Amino acid sequence: METTQNISLQNLHSFGSNEKANYFAIIDSIEAIEKSIQWAKEKNTPYLILGSGTNILFTKTFEGLVLKMEILGIKKLKETASEVFLEVGAGENWHHFVIYCVQKGWGGVENLSLIPGTVGAAPIQNIGAYGVEAKDCIESVTAFDTHTAQFITLQNSECGFGYRTSLFKIEKSRYIISSVQFVLQKQPIFRTDYGAIKEVLHQKNNKQPSVEAISNAVIQIRSEKLPDPKKLGNAGSFFKNPTITKDFFEILIAKFPKMIAYPITDDTYKIAAGWLIEACGWKGIQKGNVGCYEKQSLVIVHYNNGPGIEIYNFSEEIIQSVLAKFEILLEREVVIY
Ligand SMILES: Cc1cc2nc3c(=O)[nH]c(=O)nc-3n(C[C@H](O)[C@H](O)[C@H](O)COP(=O)(O)OP(=O)(O)OC[C@H]3O[C@@H](n4cnc5c(N)ncnc54)[C@H](O)[C@@H]3O)c2cc1C
């Protein structure tokens, strides 16, 4: 296994802060996973799997081995009259995979167009956007279980998928995902009821939505709303939308009638974290190298070349001010190292 020492992580994650790692290696095969974990165990050093680094914040030097996932390949496993089953390497770019499906006319992932990152990271936090989550089209996930040193394939129901979470996120670093198996639909049922998708389709006179039309609409909406990490450091939504009880929701909505919330179950409500942050006056605020994005307050942006800890401290200030005003503790969606 080829390792590099004392490497800068600056170009390997979308916040672009200049932290370092003691060791770095590329994983481009199944065998490389086993070898590198063996290497880390022998050296008694921690390891971390890195995809495209678009959901991660480094706050200090990573005193261990960073393994960049680059296992590639899209393989058709089987096809029926209505469905197509694909196996995709963990290192494939997520958006490229979406476009591959869109070009074939296979439905399921079009609402998840333009989400940055790798296919292997998609199950980690069960990526989601515009009413669809990765779990809706994941059949199974193949991963190296570092506890047993065996490859396993977990069926969708065994992955513990939830809102921006999964077994893989909860048991941090235990599983190294090597490939994901997807099921795509040949006659998809479209989800156009979320965000501005319907509006954009209408503007473009797309009366009969198609996989391609929805993908294009999502790309247009996202490009207008979210900062491009190549131009402005960020990791998309920094916080999760919190869930609160119905009783607490009723107290809050009486005090803050404009609060954005929607019911999840008979007893729980999800609150728009962006609304809470904006109500605390953070939208568009910049402190030093870090700021709250002016078009979307859930996004923390990194303007210059500051250290990752500055971004973390800024997020902590937001958490504390939301806690003081609403008694709600925001949870970070971004993985902190
Ligand atoms: C502009 C922007 C918009 C975004 N929009 C969305 C959105 O709409 N919805 C959404 O859900 N997310 C969104 N995100 C977050 C991000 O794109 C996703 O979380 C994505 O899946 C991260 O992929 P990655 O390869 O960059 O993962 P990384 O950031 O490299 O890693 C994230 C975590 O997954 C682990 N990991 C990565 N690959 C593997 C693997 N193969 N095996 C085991 N562990 C692994 C890492 O160790 C880390 O803990 C956005 C980010 C940005 C910058």
Side-chain angles (χ1 to χ4, degrees), residues 9 12-16 27-28 30 32-33 36-37 46-58 62 64-72 88-98 109 111-135 141-146 151 159 161-180 194-195 218-219 221-241 293 295-296 298-302 332-337:
L9 297 168
L12 295 169
H13 68 116
S14 60
F15 269 121
I27 289 184
D28 54 7
I30 300 287
I33 295 182
S36 44
I37 296 306
Y47 59 86
L48 138 71
I49 310 299
L50 193 62
S52 307
T54 61
N55 202 34
I56 205 161
L57 172 63
F58 292 101
F62 185 74
L65 170 65
V66 170
L67 295 164
K68 176 126 171 57
M69 176 53 70
E70 291 193 359
I71 295 178
L72 300 177
V88 187
E92 285 286 344
N93 176 279
W94 174 264
H95 181 64
H96 292 172
F97 161 61
V98 171
V109 285
N111 291 46
L112 304 177
S113 296
L114 214 61
I115 296 184
T118 53
V119 165
I124 305 280
Q125 73 153 5
N126 179 26
I127 57 169
Y130 300 97
V132 173
E133 291 180 321
K135 73 164 172 57
V141 175
T142 300
F144 184 70
D145 180 351
T146 56
F151 277 94
C159 294
F161 287 129
Y163 165 63
R164 298 300 172 275
T165 191
S166 71
L167 170 75
F168 315 109
K169 188 158 182 176
I170 291 165
E171 294 209 38
K172 200 174 171 185
S173 293
R174 173 169 175 180
Y175 299 101
I176 301 176
I177 295 175
S178 54
S179 66
V180 184
Y194 212 92
V218 169
I219 291 171
I221 300 163
R222 291 184 69 100
S223 309
E224 286 165 6
K225 213 174 81 176
L226 291 166
D228 178 352
K230 288 193 190 94
K231 297 181 188 146
L232 185 58
N234 77 92
S237 301
F238 198 93
F239 303 99
K240 289 186 184 184
N241 291 317
Y293 191 50
K295 290 190 200 164
Q296 166 56 276
L298 256 189
V299 179
I300 292 185
V301 287
H302 186 210
R332 292 177 182 88
E333 181 182 310
V334 170
V335 181
I336 310 291
Y337 273 95

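Everything numeric in this text was worked out from a predicted model, so none of it was measured. As the structure lists them, so they are numbered: ligands from 1, and atoms in each ligand from 1.
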Check: I49 N/O within less than 3.5 Å of ligand 1 N/O: yes
Would you say the side-chain atoms of S166 pair up with the backbone N or O of P123, donor to acceptor, closer than 3.5 Å? yes
Should you measure from each heavy atom of P227, which atoms of ligand 1 turn up under 4.0 Å away? 1 (C)
Nearest-option assignment for atom 30 (O) of ligand 1, heavy atoms, candidates G51, P229, G120: G51
Is there at least one pair of N or O atoms, one from Q125 and one from ligand 1, spaced under 3.5 Å apart? yes
In the protein, what heavy atom is nearest to atom 43 (C) of ligand 1, and what distance, to one decimal place, separates them? Y175 O, 3.3 Å
Here the atoms of ligand 1 under 4.0 Å from any heavy atom belonging to A129 are 8 (O)
So which heavy atom in the protein is nearest atom 41 (N) of ligand 1, and how far is it from that ligand atom? I177 O, 3.0 Å
Based purely on interatomic distance, does A235 place a nitrogen or oxygen under 3.5 Å from a nitrogen or oxygen of ligand 1? no
Is the closest N or O pair between G53 and ligand 1 shorter than 3.5 Å? yes
Those atoms of ligand 1 less than 4.0 Å from some heavy atom in L48: 47 (O)
Quick one: look up the protein heavy atom nearest atom 22 (C) of ligand 1 and list residue, atom name and how far away it is. T54 OG1, 3.3 Å
S237 contact mode with ligand 1 (heavy-atom cut-off under 4.0 Å): neither
Would you check whether K172 reaches within less than 4.0 Å of ligand 1, judged by its heavy atoms? no
Does a side-chain heavy-atom distance below 4.5 Å link I219 with H95? yes
Run down the list S166, S173, G236, S113 and name the one with the heavy atom closest to atom 2 (C) of ligand 1. G236
Find out whether E133 and F161 are in side-chain contact, i.e. whether some heavy atom of one side chain is under 4.5 Å from a heavy atom of the other. no
Please report whether ligand 1 has a polar contact with S52, defined as an N or O pair separated by less than 3.5 Å (distance criterion only). yes
Quick one: does ligand 1 sit under 4.0 Å from the side chain of N234, the backbone, both or neither, non-hydrogen atoms only? both
P116, portion touching ligand 1 at heavy-atom distance under 4.0 Å: both
Enumerate the atoms of ligand 1 whose separation from the nearest heavy atom of I56 is less than 4.0 angstrom. 29 (O)
Heavy-atom check, side chain of F239 versus side chain of L298, under 4.5 Å: yes
Within a distance under 4.0 Å of any heavy atom of G128, pick out the atoms of ligand 1 and give their elements. 7 (C), 8 (O), 9 (N), 10 (C), 11 (O)
Answer yes or no: does an N/O atom from I124 fall short of 3.5 Å to an N/O atom of ligand 1? no
Would you mind telling me if ligand 1 is within reach of the side chain of V335, the backbone, both or neither, using heavy atoms under 4.0 Å? side chain
Can you find a heavy atom in the side chain of F144 that is under 4.5 Å from one in the side chain of I30? no
How far is atom 5 (N) of ligand 1 from the closest protein heavy atom, and which atom is that? R222 NH2, 2.7 Å
Side chain, backbone, both or neither: which part of K169 has a heavy atom under 4.0 Å from ligand 1? neither
Residue selection (non-hydrogen contact nearest atom 25 (O) of ligand 1) among I127, N111, T118: T118
At a 4.0 Å threshold, what atoms of ligand 1 neighbour a non-hydrogen atom of I176? 42 (N), 43 (C)
Should I124 and N55 be marked as a side-chain contact (heavy atoms from CB on, under 4.5 Å) after you check the CA-CA gap, both sets of side-chain angles, and the distance that decides it? CA-CA 10 Å; I124 305 280; N55 202 34; over 6 Å; no
Heavy-atom contacts under 4.0 Å between F168 and ligand 1: side chain, backbone, both, or neither? neither
Quick one: does R164 get within less than 4.0 Å of ligand 1, heavy atoms only? yes
Closest non-hydrogen protein atom to atom 37 (C) of ligand 1, residue and atom name please, with distance? A121 CB, 3.7 Å
Which residue from L112, N55, L50, I115 reaches closest to atom 32 (C) of ligand 1 through any of its heavy atoms? N55
What atoms of ligand 1 come within less than 4.0 Å of a heavy atom belonging to G117? 23 (O), 24 (P), 25 (O), 26 (O)
